[in-house]
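Structure first, then comments.
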Amino acid sequence: MVAEPMIALDLPLKVLAWEAADGKVWLSYNDPDYLKQRFSLFDELVKNIAVIKPLINQALQ
């Protein structure tokens, strides 16, 4: 947030679990690659939030 204050709109990262009308359960979140593009972040900064992907996968197992 120091390097790009506007990213505070999306931090801390959140994951939304929701059930669709057809009974399927979905997880939604802002992908770190999307945030990188949206805020023109350097790779060095993105690695700090990219941990969300493996954490979500681990939680689903």
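Rounded to the nearest 0.5 Å, atoms CD1 (I52) and CG (L13) are 5.0 Å apart. With rounding to the nearest 0.5 angstrom, the CG atom of L11 is 12.0 Å from the CE atom of M6.
The two residues A50 and P32 have their closest heavy-atom pair at CA-CG, 3.7 Å.
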Sequence neighbours left out, cut at 3.5 Å: what donor-acceptor pairs do the side chains of residues 34-42 make with other protein atoms?
residue : atom : partner : partner atom : Å
K36     : NZ   : D43     : OD1          : 2.3
R38     : NH1  : D10     : OD1          : 3.4
R38     : NH1  : D10     : OD2          : 2.7

Table please: side-chain donor-acceptor pairs of residues 14-27 below 3.5 Å, with sequence neighbours left out.
residue : atom : partner : partner atom : Å
K14     : NZ   : P12     : O            : 2.9
W18     : NE1  : S28     : OG           : 2.8
D22     : OD1  : K24     : N            : 3.0

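In the hydrophobic cluster analysis, where Ile, Leu, Val, Met, Phe, Trp and Tyr join through side-chain heavy atoms closer than 4.5 angstrom, L45 is grouped together with M1.
Among residues at least two apart or in separate chains, salt bridge (charged side-chain N to carboxylate O under 4.0 Å, His left out) pairs with a member in residues 49-61 are D31-K53, D33-K53.
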